[in-house]
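Order of the sequence lines sets the chain letters (A, B, ...), proteins ahead of strands, with each chain counted from 1.
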Amino acid sequence: MTQKSVVADRKSGKTHYSGAEFLLDALKKENVEVIFGYPGGSVLPIYDKLYSSELFHILTRHEQGAIHAAEGYARITGKPGVVIVTSGPGATNIVTGLADAMIDSLPLVVISGQVATSVIGSDAFQEADVLGITTPITKHNYQVRKPEDLPRIIKEAFYIASSGRPGPVLIDIPKDMAIIQGESTDKEPEMDLPGYQPTTKPNYLQIRKLVEAVSGAKRPVILAGAGVLHAKASHLLKEYVEQQGIPVVHTLLGLGGFPAEHPLFIGMGGMHGCYAANMALSKCDLLINIGARFDDRLTGNLAKFAQHATVAHIDIDPAEIGKNVQTKIPVVGSAKEALAELIEQNGKKPEIDVWTTQLTAWNEEFPLRYTHEEGVLKPQRVIQMLHEKTNGEAIVTTDVGQHQMWAAQYYPFNKPNSWVTSGGLGTMGFGLPSALGAQLANPKATVLSISGDGGFQMCLQELSVIAEMNLPIKIIIVNNGALGMVRQWQELFHDNRFSHSIFQSHPDFVKLADAYGIPGYKVTTEEEASNCLDAALKTDGPVLIDFRVKQNENVFPMVAQGKGLDEMEGV
Amino acid sequence: MKGILSLTVNNRPGVLNRITNLFTKRNYNIESMTVGPSEQDGISRMTFVVDVDDEAVIEQITKQLNKQIDVLKVYDITNQSIVARELALIKILVTTQTRAEIYSVIEPFRASVIDVSKDSLTVQITGESDKIEAFIELIKPYGIKELARTGTAAIPRGMQIAHAKSATIV
């Protein structure tokens, strides 16, 4: 039955629908624009209904590609990315993506097929305990036991995934539940979530405390995380910062939340952050964390982190406050509401000229830098060129490793929703499929998928989808013939013992692109790189460029594990 | 230190798994737990006793539990005036010589004999954890054949807190 006929039948008084019909009807009501998925035995009844529905489905070439694409879509739009996979291997293939979305707070609604209820628990063909497997890596999960529960479950799932601290919700649908009919009440389903009431409006007294702390501060700094982006509060952050004149440091995931070109932007903090940003975090007397979770890659050694500071933490997830860093002023609420309230309060502006002058001086004295070598293509230079050629306007997605850190360092972001990276889980293979999702979320944008040669090979099968849809993604491989970050750590901390980090052979990436019907280029010099990028950006379709860069280039500056942020190397 | 948490949760399949999973994931150790129906239909009450370094950990556990969609309320009753009980069933070896002596130990603890056989007695004892520990220590020399203990079940004392509770659970 088509979706149209479901509606028609409702008018004609039909009251029974299969689970698959309930599901697709509910997805339409949530205005789902695109579903990323992969069919299989247990979801055949759902795919059968999908065949005649108007819902737009993209067949990725691997379930992991589907869920990373959905993450890219969710990161750009703020709306839940939707995924359908089959039972057993289909569902286990999305585990990485669920964990990734959970830790980076990306909204997803994931439908997994399950074997029929009559055989659940019998080790049936393609059976896996998906609820058990996904419990620690989902915000919530369901198993459908009555088809007529689906409208309510879908409504709850979208609400849970996208409200409060966003996250992935999984719905496991046994095959028979998709087939058998349930009675429709034709009423709007009522959500049943008495235990879920996220606080978005911050406590007034805590906001007052923060306002007073700001007015008396000598060395305040704002640490802005991805919570600012999730709450769509970038404009309010800028307004507040300009009102109070407080400098801003970004986390890796927060990049783009505050304009990189703004005079009060100090830089990214953390393991590969810039010197001034890390000194700001070390020497501040008031640290205002807005929507960041004090990840260890950001804080370095906790005992040495913001030692002299009063810590204020604005977070929609109360469990993040005080989890890693003791907090004096806890503010539970969305970044948007908290910033709006802070602007409204318009407290006394702190007198901090000495502090901001010092931070600017540090940035001038210790900028991000690398050495040019005649005739050698440096990875940092590749990223800088990408920035120049796209006027800093592109959406950038990355894998994980050196290229990711160089992209964060050398591609300054001025706008929100332009940076898609796997921060918390550090997932290789994330870049290419998330670019696919990001491009669908923003069809007009220039999307750069930047990967290393290692991560690119983990999900490269999605080239097929990119080619099929002729998506104009520019696929950048920063190719140093090694697992760069692993190699760097082995050089620095394991006496140059490069255990399994140097690739002995690679496919010819240009021929590989050709096999998928994508134009591919190999560049080895700056001049080639420049010309090739110009041509690629003019091409109305995907292009793959294999940038052959120096192998033993390291990411600096760096805070070694266990060190404080003020103990940077390679400044 | 020991912390005691009292939770109300939706009685749905998978809820217990989600909650115990949270403890595992966050590296919190459960000393004991009990689950059973509460005064309201469809809502269960769980009592957790946890052994942690400091109160900050209990606060973090409380917050993490509160994040679960099926958890309705979490009460940290560690420092409250509470009524806490656990139950133990203990099968003790007896001989004609020791029978009378064992009875004399049972009585002051207000434990009761619930099964008798030729060479054993099964005793039921309820009370706070310490009392049960003390009883087991006393009875050990006679020979314990089998022992089963529940975890602690606990609720705050008095009307005031009970009211506050029922007002917040809806």
Heavy-atom count check: over 12 atoms from other residues, nucleotides or ligands less than 6.0 Å from B:Glu55 CD? no
Taking CG in B:Asp54 as the centre, count heavy atoms belonging to other residues, nucleotides or ligands within less than 6.0 Å. Is the count above 12? yes
Is there side-chain contact between A:Lys323 and B:Lys63, with heavy atoms separated by less than 4.5 Å? no
Determine whether B:Asn17 and A:Leu131 make a side-chain contact, defined as any pair of heavy atoms from C-beta on separated by less than 4.5 Å. no
What part of A:Ile160 gets within 4.5 angstrom of chain B, counting heavy atoms only: side chain, backbone, both, or neither? side chain
Quick one: does A:Thr135's side chain get under 4.5 Å of B:Lys25's, heavy atoms only? no
To check you understand the geometry: which heavy-atom pair defines the closest contact between A:Gly195 and B:Leu72, and what is its length? N-CD2, 3.6 Å
For A:Gly322, does its backbone N or O pair with a side-chain atom of B:Gln60 as donor and acceptor, under 3.5 Å? no
B:Gln124 CD: over 12 foreign heavy atoms closer than 6.0 Å: yes
List the atom of B:Asn21, the atom of A:Gly132, and the distance in Å for their closest heavy-atom pair. ND2-O, 4.2 Å
The single option from B:Arg18, B:Lys67, B:Gln68 passing side-chain contact (heavy atoms from CB on, under 4.5 Å) against A:His140: B:Arg18
Which answer fits A:Arg165, side chain, backbone, both or neither, if we ask what part of it has an atom under 4.5 Å from a heavy atom of chain B? side chain
Can you list everything that forms a salt bridge (charged side-chain N to carboxylate O under 4.0 Å, His left out) with A:Glu148? Sequence neighbours excluded, please. none
Let me confirm one number: the CZ-CZ distance from A:Arg145 to B:Arg12, rounded to the nearest 0.5 Å. 13.5 Å
Interchain contact, A:Asp317 with chain B, by part (heavy-atom threshold 4.5 Å): side chain
Of the options B:Ile69, B:Val71, B:Asp70, which is the one that meets A:Tyr196 in a side-chain contact (heavy atoms from CB on, under 4.5 Å)? B:Ile69
